[in-house]
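Worksheet for the structure shown next.
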Amino acid sequence: MQFNTGQRELTLKFVYYGPGLSGKTTNLRALYQRIQPALRGHLMTLDTADDRTLFFDTLPLIFRAGNLKVKLKMFTVPGQVMHNSTRRIVLQGADAIAFIADSQPNKRQENYKYWLNMVENLKMNGLSIESLPNVVQWNKKDLGDASTDEAIVKMKLEGRQPVYEAVAVRGEGVLETFLGLVSLTFENIDKVYHLSDKLGLDRRGFVEEVRRCLVDPPEDAGGEKGKN
Amino acid sequence: MAESILQKQLVLGELLDLPSFTNVCKTFVDLYKIGLKVFDSQGTKLVDMKVASGDFCAYMFTGPNGRRLCTETVTHIKVRPLDPPAGTKDLIAVRNCFSGLRYLMMPIVYEGDMLGRIIFGPFMPDDVGDLGHDLKMLEGEFDLAKARELVDRIRRAPESTVRRVMEHFVRIVDVLVFTSHKAMISSQLHIESVTESYREVQEKNKKLSDALERLQELSRLKSNFLATVSHELRTPLTSVIGYSEMLLAGLAGEMNDEQKDYLKTILEKGESLLRLISSILDLSRIEARGVQLHRKPTDLDEVVQSALESVLPQSFKKNLQLTADLSPSVKHVTVDSDKIRQCVVNLLSNSVKFTPAGGHIFVQSGPADNAPGGSGPFGSSGWFQISVTDNGIGIPPELLDKVFDTFFQADSSASREYGGAGLGLSIVKSYVEAHGGEISVHSEMGKGSKFTLLLPVEPPGTGLELAPLP
């Protein structure tokens with residue numbers, strides 16, 4: 001998080017983390033399609049010939065919330081096991097995490113491993129998942145089975161973080177996840193910079209500004225934690 | 001970790017290759033005949049192309065008012081903030097020069113940051129007559145006829161056209177900046193990833209090296225412990241064997257046959273235990289200090305004969321036929337005779353152990369049939385071999401390469417049936433390799449085994465001056 005008080009400019013970094021092929025890049029692509037063209041930057045993808053992320057994808061969203069200029073930079077990490085050092089580099093200075101889990105039953109173990117990998121990499125960057133706003137998205141929900149539903153219900157009941165279901169390839173659940181994370185992150189920023197006191201900007205107002213950047217935003221998404 | 005490229009503030013001059021960019025700007029200016037300037041966000045001039053305005057501007061600079069007004073315009077286009085006026089989204093700002101000429105300015109915005117500005121002009125807009133009003137007011141300072149003549153050389157165009165050209169140019173710059181940023185991130189991140197991976201590997205190497213050191217220390221401790229324990233076991237065992245022998249010899253009076261049988265069993269088991277302990281002791285010595293060789297000129301026949309004699313009693317008991325063929329062509333070798341003798345004894349004991357009663361064991365020594373690779377066409381002259389062949393139970397083919405492992409026995413039930421701890425061959429291998437030699441085995445299940453020791457006649461690396469006399 002960078003806050004340039006002189007220029008009233010806030011820069012936030014969202015990182016989409018998760019196992020290989022769980023749909024992190026797909027989330028970003030879907031998000032790109034749903035951001036007003038005038039407000040989005042270039043969607044930069046650094047991938048290999050076979051469409052696997054090599055370093056990361058990044059998508060900036062620039063908007064104004066009251067007097068505040070907000071630069072929201074979304075990043076994905078490369079999912080392939082061998083790119084761990086790149087994942088760690090991309091995590092530097094992350095302000096929020098969207099963990100994209102794969103709903104396919106045979107990927108359950110992968111989700112678990114990558115979560116631990118993320119926690120470890122955060123630690124190496126002096127960050128902690130306990131204090132970082134984070135949401136979990138169960139992507140490829142259409143490929144899940146009853147055991148996936150069970151796992152999702154269990155995770156929602158534990159209530160550690162908001163949990164979303166998505167089929168990113170069809171754009172479903174992508175904005176909900178994103179707005180959920182925006183909402184959660186605002187609470188964190190507000191604790192540090194007291195934006196509500198200083199700028200009269202509250203969570204609802206902030207989320208509303210982000211919703212305005214989107215094409216056909218979902219009703220009330222990002223309003224309540226974990227509601228899906 | 002150091003600050004990543006992802007957190008770095010972008011600088012326009014670093015993103016663009018200035019010589020190439022300047023060339024592109026030149027072709028653009030040649031095409032549209034309008035001046036072009038590019039500044040970065042710090043106000044550093046990156047590109048400055050004039051088209052026919054040089055003479056006019058120089059003339060305007062000759063008068064004091066002209067100079068002042070000119071400087072004002074130049075400063076304005078260079079540093080004036082370019083935020084669009086409230087309520088509009090028009091990024092192009094306009095500056096009219098007192099002479100009637102016009103400049104258009106547009107920021108280069110990338111990811112919400114202003115990286116610099118592009119200035120198009122000067123050009124004479126359609127909506128201005130021959131000269132600007134303010135210049136006409138300075139008639140005493142300038143010769144207006146001359147000013148008209150000079151200004152006529154400057155491109156006259158509608159502002160809307162220049163705007164379109166400018167927007168097009170900014171799009172091109174945006175693509176250049178994006179492409180360059182992408183390439184820069186790729187290369188920098190590649191370096192960062194490699195550096196990070198290298199650091200990780202170094203860290204793991206350090207851990208592995210520490211672990212190796214700890215394991216080596218543990219291994220040394222284990223060997224020392226084995227050596228000590230073996231030694232402590234051997235001492236009392238020697239007394240057990242010694243006193244059993246004395247009793248059997250009748251030194252403490254006559255014994256009946258049953259007592260003698262019991263004593264023989266004690267003696268036999270004692271000796272067997274002693275051999276095992278000696279093997280453990282040998283092996284622990286090898287592990288602790290490596291094999292210490294005491295090479296000396298040796299009569300090979302004597303070594304083999306002596307080994308044969310030491311297994312005679314056991315082979316006699318099993319009614320095994322023991323034969324030898326010792327070639328006279330290799331007689332004098334320089335080896336550690338005790339160790340080579342022990343090698344032959346171990347091989348023979350092995351054969352005795354695994355050859356059923358009535359079987360046959362054959363020992364052969366002589367020049368090497370096949371010298372190791374790399375020993376040249378005369379290789380076999382520099383090497384000799386000792387082989388022990390039996391017609392015992394044999395070794396399964398898949399276990400052939402394991403028989404030299406410490407504590408290994410081809411069939412774990414064999415250790416119970418035939419005794420031993422699987423140390424003999426491991427010791428042989430260590431001794432042979434310490435001599436620079438090789439050991440090989442050929443075996444067929446149910447038909448028997450052949451172990452061959454291949455050893456250099458002289459220690460490896462012996463120079464010509466040390467070659468034995470014929």
Side-chain angles (χ1 to χ4, degrees), chain A residues 1-2 4 7 9-13 15 36 38-48 53-64 67-78 80 82-95 120-127 213, chain B residues 1-10 15 41-42 81-92 107-115 167 170-204:
Chain A
M1 193 190 307
Q2 292 171 312
N4 186 327
Q7 295 177 3
E9 189 178 286
L10 176 71
T11 307
L12 295 173
K13 183 175 183 180
V15 178
Q36 307 273 6
L39 301 171
R40 68 191 182 201
H42 295 276
L43 170 65
M44 187 189 284
T45 57
L46 299 167
D47 52 13
T48 58
T53 303
L54 181 60
F55 290 127
F56 59 83
D57 311 295
T58 175
L59 171 63
L61 165 64
I62 298 107
F63 62 95
R64 286 202 162 272
N67 286 329
L68 194 66
K69 180 179 175 185
V70 183
K71 288 201 270 182
L72 227 167
K73 294 187 175 181
M74 279 76 77
F75 286 84
T76 65
V77 297
Q80 283 170 290
M82 61 183 170
H83 295 312
N84 195 40
S85 52
T86 311
R87 277 196 288 281
R88 197 178 304 146
I89 290 168
V90 175
L91 271 183
Q92 278 179 28
D95 295 305
E120 183 61 28
N121 280 334
L122 282 172
K123 212 182 282 173
M124 301 282 279
N125 276 307
L127 296 168
C213 301
Chain B
M1 265 191 275
E3 189 192 53
S4 166
I5 178 74
L6 303 181
Q7 290 155 306
K8 195 177 176 247
Q9 197 71 33
L10 296 177
L15 288 168
S41 58
Q42 302 299 310
L82 291 179
D83 288 336
T88 72
K89 286 193 173 175
D90 186 8
L91 286 174
I92 297 181
I108 303 170
V109 180
Y110 183 74
E111 294 192 349
D113 290 324
M114 205 177 93
L115 295 186
E167 278 161 357
V170 167
R171 281 180 178 236
I172 294 173
V173 172
D174 182 56
V175 170
L176 287 177
V177 167
F178 173 63
T179 312
S180 166
H181 184 213
K182 190 171 169 175
M184 189 170 84
I185 283 190
S186 295
S187 56
Q188 284 294 323
L189 211 64
H190 186 71
I191 294 171
E192 282 184 32
S193 303
V194 169
T195 310
E196 184 62 13
S197 299
Y198 178 72
R199 190 194 58 74
E200 217 168 87
V201 168
Q202 289 289 81
E203 216 168 72
K204 281 186 181 157

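All chains are named by letter (A, B, ...) in the order of the sequence lines, taking the proteins before the strands, and each is independently numbered beginning at 1. Just so it is clear, the model here is predicted, and its values are computed rather than measured.
Using a 30° and 60° split on the angle between ring planes, A/Phe55 and B/His190 fall in the perpendicular class, above 60°.
Rounded to the nearest 0.5 angstrom, B/Thr179 OG1 and A/His42 NE2 are separated by 8.0 Å. For the atom pair CG (B/Leu189) and NE2 (A/His83), the distance works out to 11.0 Å, reported to the nearest 0.5 Å.
Annotation for B/Gln42: atom CD does not count as buried by contact number, only 12 or fewer foreign heavy atoms lying within 6.0 Å.
Residues B/Ser193 and A/Thr86 share a closest heavy-atom pair of OG-OG1, 3.0 Å. Closest approach of B/Ile185 to A/Phe56, counting heavy atoms only: CG2-CZ, 3.3 Å. Across every non-hydrogen atom of B/Glu111 and A/Ile62, the tightest pair is C-CD1, 3.5 Å.
The side-chain heavy atoms of B/His181 and A/Met44, taken from C-beta on, include a pair separated by under 4.5 Å. In this structure, A/Arg88 and B/Glu200 have side chains that are in contact, with non-hydrogen atoms separated by less than 4.5 Å.
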